[in-house]
Amino acid sequence: MIVDYLVIGSGLTGATIARLLADQGRDVAVLERRAELGGNVQDLLHPSGIRIHRYGPHYFRTSSEAIWSYARRFAEFYPFEAVLMSQIDGRLEHWPIQQEYIARLIGAGWTPGHTGPAETFEEASLAQMPAPVYEKFVKHYTAKQWGVDPRRLSPGLAGRFDIRTDGDTRLKTSRHQGIPRGGYSALMQRMLDGIRVIRNTDYLAQRDSFTARRRTFYTGPIDEYFGFDLGRLAYRGQRREHIYLPDQAWHQPVAQVNHPGPDRPSIRTLEWKHLMEPERRDSLVGTVITTETPFSPDDPEQYEYPFPDAANQALYQRYRARAEAIPGFLACGRLGEYSYYDMDQAIGRAMTLARRVLERDAA
């Protein structure tokens with residue numbers, strides 16, 4: 001096959017790039033290794049009628065009008081603002097951490113557990129909170145999530161949370177938040193509507209069969225593209241156990257309850273009915289919960305979270321330099337850029353890359 005633009009992977013990054021190229025009348029094809037479209041942005045209906053997100057909860061949120069407008073091209077969104085809680089000392093406390101909780105535990109005159117430059121994730125976390133709070137909410141949760149001592153992780157990881165001083169209990173405060181009616185799989189199908197998509201096709205196993213005249217966008221693992229010849233980048237994934245509780249209307253008060261203590265291997269329990277349209281969930285019998293337990297996968301199909309430490313970032317930069325030396329080749333997306341992107345960030349990044357390529361190729 002010979003096309004102008006070849007997109008490897010049909011997740012949010014690949015699908016958005018393909019959509020924007022196709023909107024401009026470009027000759028584009030998408031190759032997908034799996035049978036299903038959408039990368040990890042997929043869901044399914046449990047026999048009970050409850051919709052489950054196959055690869056963990058997807059809470060769509062953005063403050064960008066352009067990204068919100070783009071997403072709503074492919075689905076109507078109903079409002080959903082995620083509220084998370086953590087099991088702390090036999091109680092459920094809000095996450096992100098509330099200043100009210102710290103004052104209740106430590107006192108109103110509390111001070112952070114670290115001052116000065118933060119060189120590790122632990123120091124960056126302690127710069128936001130007292131040490132006892134870090135121990136309860138963050139330390140063991142992080143050790144379970146990444147499988148290492150938090151002092152090994154990069155300080156930038158702590159930028160994903162904050163201390164709430166205004167009583168806002170939402171996970172994020174983005175202007176637009178919601179979930180697509182009909183589910184994420186349907187949204188991804190519509191995003192790729194009318195575009196040539198070839199499924200069950202491993203590009204890396206048959207790359208000589210496909211040629212891009214102008215550019216190849218590769219959204220798979222960048223180290224796998226080069227046969228891991230410099231070494232493997234580290235990732236974490238989640239083992240998920242789905243449990244149907246036919247005799248319970250509800251299992252927990254919110255969609256996600258974190259387990260930050262060292263006493264159990266799982267890091268969170270999800271209850272999917274909380275994420276469904278109110279007019280549909282109230283008529284369903286029972287509830288479905290999912291426990292997630294982190295592990296370190298060897299199979300690239302199970303990669304979910306790039307590992308946030310200096311050693312892996314250095315290895316990634318070596319692979320990145322090789323990728324950038326290949327004419328007409330662009331590694332992108334969470335796996336191609338070895339970077340944790342939320343959904344709106346993945347779309348925004350893909351928009352930027354597609355626009356740059358269209359401008360360069362038109363010059």
Side-chain angles (χ1 to χ4, degrees), residues 12-13 56-64 67 81-86 93-99 101-102 110-177 233-236 238 256 258 260 267-268 294 304-317 320 332-349 352:
L12 268 179
T13 297
H58 286 82
Y59 309 130
F60 192 90
R61 64 266 177 154
T62 183
S63 291
S64 165
I67 293 172
E81 297 178 314
V83 175
L84 277 55
M85 305 193 83
S86 291
E93 303 286 354
H94 284 289
W95 174 267
I97 301 166
Q98 300 289 310
Q99 182 168 268
Y101 171 82
I102 301 179
W110 65 271
T111 58
H114 178 80
T115 58
E119 298 182 359
T120 68
F121 168 81
E122 181 166 279
E123 290 179 348
S125 300
L126 287 169
Q128 301 184 54
M129 65 191 73
V133 177
Y134 168 76
E135 292 276 340
K136 292 178 182 295
F137 280 88
V138 180
K139 180 178 180 178
H140 302 294
Y141 183 96
T142 302
K144 289 192 291 185
Q145 171 65 27
W146 300 106
V148 299
D149 189 307
R151 289 172 291 187
R152 278 190 50 191
L153 303 173
S154 299
L157 182 62
R160 293 189 60 83
F161 61 82
D162 59 359
I163 302 298
R164 293 291 168 80
T165 60
D166 58 1
D168 193 333
T169 60
R170 296 175 297 168
L171 175 63
K172 297 293 182 180
T173 58
S174 305
R175 183 179 305 115
H176 305 294
Q177 302 191 46
L233 292 165
Y235 288 87
R236 293 289 274 178
Q238 302 281 2
Q256 179 176 326
N258 294 337
I267 61 167
R268 59 191 182 189
E304 294 186 44
Y305 305 102
F307 203 89
D309 71 347
N312 280 280
Q313 190 56 222
L315 178 58
Y316 161 69
Q317 291 299 334
R320 185 75 189 175
C332 50
R334 181 186 289 196
L335 303 182
E337 297 180 82
Y338 200 64
S339 181
Y340 188 95
Y341 289 130
D342 288 332
M343 284 188 291
D344 62 322
Q345 293 171 327
I347 291 173
R349 175 67 173 158
T352 297

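One is the number of the first residue; the rest follow in order along the sequence.
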Item to check | Any donor-acceptor N/O pair, S64 side chain to I67 backbone, under 3.5 Å | outcome: yes

Checklist entry - Is a donor on one side and an acceptor on the other found under 3.5 Å between the side chain of N312 and the backbone of F307? => result no

Checklist entry - Between the main-chain N or O of S63 and the side-chain N or O of R175, is there a donor-acceptor pair closer than 3.5 Å? => result yes

Next on the checklist: Treating E81 as the side-chain partner and K172 as the backbone partner, does any N or O pair qualify as donor plus acceptor under 3.5 Å?
Outcome noted: no

Checklist entry - Can you tell if the side chain of Y316 reaches within under 4.5 Å of the side chain of E337, non-hydrogen atoms only? => result yes

Checklist entry - Between F161 and W95, does the ring centre distance come in under 6.0 Å? => result yes

Checklist entry - If you measure from the Lys or Arg side-chain nitrogens to the Asp or Glu carboxylate oxygens, is any gap between E123 and R151 under 4.0 Å? => result no

Checklist entry - Is there side-chain contact between I163 and I102, with heavy atoms separated by less than 4.5 Å? => result yes

Checklist entry - What are the two closest heavy atoms between L126 and P112, and how far apart are they? => result O-CB, 3.4 Å

Next on the checklist: Contact between F121 and V138 at the side-chain level, heavy atoms closer than 4.5 Å - yes or no?
Outcome noted: yes

Checklist entry - Should the pair R164-D166 be classified as a salt bridge under the 4.0 Å nitrogen-to-oxygen rule? => result no

Item to check | Any side-chain heavy-atom pair of M343 and H58 under 4.5 Å | outcome: yes

Next on the checklist: Taking the side chain as everything from C-beta on, heavy atoms only, tell me whether P96 gets closer than 4.5 Å to D162.
Outcome noted: yes

Checklist entry - Are Y235 and Y338 close enough that some pair of their side-chain heavy atoms sits under 4.5 Å apart? => result yes

Checklist entry - Do D168 and T173 come close enough that some side-chain heavy atom pair is under 4.5 Å? => result yes

Checklist entry - In terms of the angle between their ring planes, are Y340 and Y305 parallel, tilted or perpendicular, with boundaries placed at 30° and 60°? => result parallel

Checklist entry - Checking side-chain contact (heavy atoms from CB on, under 4.5 Å) for the pair M85/N258: CA distance, chi angles, key distance, verdict? => result CA-CA 6 Å; M85 305 193 83; N258 294 337; over 6 Å; no

Checklist entry - For Q256 and Y59, does a side-chain donor sit closer than 3.5 Å to a side-chain acceptor? => result yes

Item to check | Reference residue Q145; test side-chain hydrogen bond (donor to acceptor under 3.5 Å, both in side chains); the match among Q238, H140, R236 | outcome: Q238

Checklist entry - Can you name the closest pair of heavy atoms from P306 and S339 and give their distance? => result CG-N, 3.8 Å

Checklist entry - Do P294 and I267 have side chains that get closer than 4.5 Å, going by heavy atoms? => result yes

Next on the checklist: Between D342 and R160 (salt bridge meaning N to carboxylate O under 4.0 Å), is one present in this structure?
Outcome noted: yes

